[in-house]
Participant: 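Supplied in structure tokens, the structure appears directly below.
Below, all heavy atoms of this structure are taken into account, side chains as well, without hydrogens, waters or symmetry copies.
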Amino acid sequence: MKKIIFTEKAPAPIGPYSQATQIGNTIYTSGQIPLTAAGELISGSIEEETKQVMENLKAVLEAAGATFEHVVKTTIFISNMDDFGKINGVYGSYINEETAPARETVQVARLPKDVNVEISMIAVL
């Protein structure tokens, strides 16, 4: 049975979706953008944006009883591949390199609210 995951420590959905869903022991997060739980859009450096995204994901995972150690797959969408190294640096500060999940990074034409980075994850408890 599908369980809806919600936390007030991450931004509320801005459309017909959940922060995450859980089926059995698998958690699927929705893509997180650099929006605070209070609804403030972070539009500083790409590092600041990525940090907010990772903090949002951390909060959603924690609401499901998981951590970044449970993540098995990450998808990163970025508006400019030239930012890859900076995004990767922030992402890597949250992820244990020895147990890092599978991942792809894709440059896209546009993201919601014209942000520069969006990340989603799949975790297994």
Side-chain angles (χ1 to χ4, degrees):
M1 177 171 239
K2 179 169 69 172
K3 177 182 176 184
I4 303 300
I5 306 300
F6 177 81
T7 179
E8 292 184 6
K9 295 179 180 179
I14 54 176
Y17 62 91
S18 302
Q19 291 172 330
T21 57
Q22 182 175 350
I23 302 290
N25 63 349
T26 305
I27 301 155
Y28 302 89
T29 75
S30 289
Q32 290 292 319
I33 62 174
L35 194 63
T36 68
E40 177 189 354
L41 189 62
I42 302 299
S43 58
S45 69
I46 191 65
E47 292 93 344
E48 291 170 314
E49 291 182 36
T50 305
K51 182 177 189 291
Q52 184 62 53
V53 169
M54 294 302 289
E55 288 295 319
N56 291 345
L57 287 163
K58 180 180 177 183
V60 172
L61 289 169
E62 286 176 352
T67 68
F68 288 120
E69 282 296 311
H70 293 98
V71 175
V72 296
K73 181 73 163 62
T74 300
T75 301
I76 302 176
F77 300 99
I78 60 178
S79 62
N80 184 349
M81 196 57 78
D82 291 339
D83 290 332
F84 176 79
K86 294 175 183 176
I87 292 168
N88 200 48
V90 175
Y91 173 86
S93 72
Y94 286 84
I95 301 295
N96 179 347
E97 193 169 333
E98 294 178 8
T99 59
R103 182 183 87 180
E104 69 262 333
T105 303
V106 181
Q107 179 175 314
V108 296
R110 194 169 179 201
L111 290 164
K113 295 191 176 281
D114 293 317
V115 300
N116 296 304
V117 60
E118 179 174 3
I119 301 174
S120 65
M121 295 180 162
I122 300 171
V124 178
L125 296 173

Participant: Would you please test L57 and I119 for side chain to side chain contact (heavy atoms under 4.5 Å, CB included) and show each step?
Facilitator: CA-CA 8 Å; L57 287 163; I119 301 174; 3.6 Å; yes

Participant: Please assess R103 against N88 for the test side chain to side chain contact (heavy atoms under 4.5 Å, CB included), listing each intermediate value before the final yes or no.
Facilitator: CA-CA 11 Å; R103 182 183 87 180; N88 200 48; 2.7 Å; yes

Participant: Under 4.5 Å between side-chain heavy atoms, counting indirect links through other Ile/Leu/Val/Met/Phe/Trp/Tyr residues: same cluster for V53 and L111 or not?
Facilitator: no

Participant: Are any of the side-chain heavy atoms of L35 and I42 separated by less than 4.5 Å?
Facilitator: no

Participant: Is any side-chain heavy atom of E118 less than 4.5 Å from a side-chain heavy atom of P112?
Facilitator: yes

Participant: For residues A37 and E8, report the shortest heavy-atom separation together with the two atoms involved.
Facilitator: CB-O, 3.3 Å

Participant: Give a yes or no on whether E104 atom CD has more than 12 heavy-atom contacts from other residues, nucleotides or ligands under 6.0 Å away.
Facilitator: yes

Participant: Can you tell me which residue among L61, I27, T26, L125 is in a side-chain contact (heavy atoms from CB on, under 4.5 Å) with H70?
Facilitator: L125

Participant: For a quick test of reading the model, state the closest non-hydrogen atom pair linking V106 to M81 and the distance between them.
Facilitator: C-CE, 4.3 Å

Participant: Decide side chain to side chain contact (heavy atoms under 4.5 Å, CB included) for V60 and Q32; before the verdict, give the C-alpha distance in whole Å, the side-chain angles of both, and the deciding distance to 0.1 Å.
Facilitator: CA-CA 10 Å; V60 172; Q32 290 292 319; 4.2 Å; yes

Participant: Would M54 and V72 show up in the same hydrophobic cluster when neighbours are defined by side-chain heavy atoms closer than 4.5 Å?
Facilitator: no

Participant: Look up atom CD1 in I33 and atom OG in S120, then write down how far apart they are to the nearest 0.5 Å.
Facilitator: 13.0 Å

Participant: Same hydrophobic cluster for F84 and I76, using side-chain heavy-atom links shorter than 4.5 Å among ILVMFWY?
Facilitator: yes

Participant: Using side chain to side chain contact (heavy atoms under 4.5 Å, CB included), reason through I14 and K113 one step at a time and then give a plain yes or no.
Facilitator: CA-CA 10 Å; I14 54 176; K113 295 191 176 281; 3.8 Å; yes

Participant: What distance separates D83 CG from I78 CD1, expressed to the nearest 0.5 Å?
Facilitator: 6.5 Å

Participant: Check for me, please, whether M121 and V117 land in the same ILVMFWY cluster - side-chain distances under 4.5 Å, paths through other members count.
Facilitator: yes

Participant: Within a reach of under 6.0 Å around NZ of K73, are more than 12 heavy atoms found that belong to other residues, nucleotides or ligands?
Facilitator: yes

Participant: Looking only at the side chains, is there a donor atom on one of S30 and Q19 sitting less than 3.5 Å from an acceptor on the other?
Facilitator: no

Participant: Determine whether I46 and I87 make a side-chain contact, defined as any pair of heavy atoms from C-beta on separated by less than 4.5 Å.
Facilitator: yes

Participant: Would you say Y94 and Y91 are hydrophobically clustered, going by side-chain heavy atoms of ILVMFWY under 4.5 Å?
Facilitator: yes

